[in-house]
Amino acid sequence: MAGATPSKRAAPDSNTLQPAKKTHWSQGLLASMNDPNLVVESDDRIVIIKDKYPKARYHFLVIPKLNFPNLKSLKREQSELLHYMEDQSRLLATKYPQVEFRYGYHAIPSMSQLHLHMISQDFDSPCLKTKRHWNSFNTRYFLDSADVIRCLEERGMVVTMTPIAGEKLLDQPLKCHKCVYSPQNMPKLKQHLYKHINN
DNA sequence: GTTCTAGAAC
DNA sequence: GTTCTAGAAC
């Protein structure tokens, strides 16, 4: 057959560029780590970024450059890294001398990549909307950095909780982190929180 | 993790 | 009738 060459076979249309493969939302921190609009500090070991949806006036994430998916992937040898992450976030906090921060990890994080939350205790933010948001920072679901490090050093691994136990904490009734007030819903809590803020 | 929105709660 | 929460998202 004249002209019938094997190479003539159904080539993909080279004018139709395939859209870049979508990454799952849970991998979003990988993109954020390289977003100049979010990165506030960076060295050879860690990146500190602004949380894309801050749940308080100041809300940063400290992420190691080496890939650790979560707390479970840590061994005793990583305790030094966790110390470093907390130290660097406390150093950043000195830029905000009037601001109270907490430093810690979500027990069952939604996003991959180990990340330390550094969050101001005003919880004044339009992105703070749901009971889950609140409880993730204001129940035992929020693991203080110091406790995580201690566990890693003493037991050689970070012991958190089961997903079921985590869900139970996130579903707890709302309770103010500064007083006994237990609001009926999120709008009432957000209104109440202003009483504890000294501008 | 967020967005969207149905229907529960008020 | 409006406010608010909670579950689906191919």
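Worth saying up front: this structure is predicted, and the values here are computed from it rather than measured. Quick note on labels: first sequence line is chain A, next is B, and so on, each numbered from 1.
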Any donor-acceptor pair under 3.5 Å from A:D144 side chain to A:D147 backbone:
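Pair absent, no side-chain N/O of A:D144 close to backbone of A:D147.
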
Under 3.5 Å, is there a donor-acceptor pair between the side chain of A:H133 and the main chain of A:K129?
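Flag set: sc A:H133 to bb A:K129 pair under 3.5 Å.
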
Would you please confirm or rule out a distance under 4.0 Å between OP1 or OP2 of [N] and any side-chain N or O of [X]?
| X | N | answer |
| --- | --- | --- |
| A:K129 | B:dT3 | yes |
| A:K55 | B:dT2 | yes |
| A:H133 | B:dG1 | no |

Between [N] atom [atom2] and [X] atom [atom1], what is the distance in whole Å?
| X | N | atom1 | atom2 | value |
| --- | --- | --- | --- | --- |
| A:W134 | C:dC4 | CH2 | P | 17 Å |
| A:L30 | B:dG1 | CG | C1' | 13 Å |
| A:E167 | C:dG7 | CD | C1' | 12 Å |
| A:H106 | B:dT2 | NE2 | C1' | 15 Å |
| A:H24 | B:dT2 | NE2 | C1' | 12 Å |
| A:N185 | C:dT3 | CG | P | 12 Å |
| A:K188 | B:dC10 | NZ | P | 9 Å |
| A:R132 | B:dG1 | CZ | P | 6 Å |

Using a 4.5 Å cut-off on heavy atoms from C-beta on, say whether the side chain of A:L114 contacts that of A:N70.
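A side-chain contact is absent here, since even the closest heavy-atom pair is not under 4.5 Å.
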
Is there a Watson-Crick or G-U wobble partner for C:dC10 with both distances under 3.5 Å, and if so, which one is it?
none

Give none if B:dG1 has no partner; otherwise give the nucleotide forming a Watson-Crick or G-U wobble pair with it, both distances under 3.5 Å.
none

Look at all strands and tell whether A:P187 reaches a base, only sugar-phosphate, or nothing, counting heavy atoms closer than 4.0 Å.
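A:P187: backbone/sugar contact only, no base atoms under 4.0 Å.
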
Decide, yes or no, whether a salt bridge links A:R132 with A:E167 under the criterion of side-chain N to carboxylate O below 4.0 Å.
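Salt bridge present between A:R132 and A:E167.
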
For the NZ atom on A:K65, are there more than 12 heavy atoms of other groups (residues, nucleotides or ligands in this structure) within a distance under 6.0 Å?
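Yes, because the 6.0 Å sphere around NZ of A:K65 holds more than 12 heavy atoms from other groups.
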
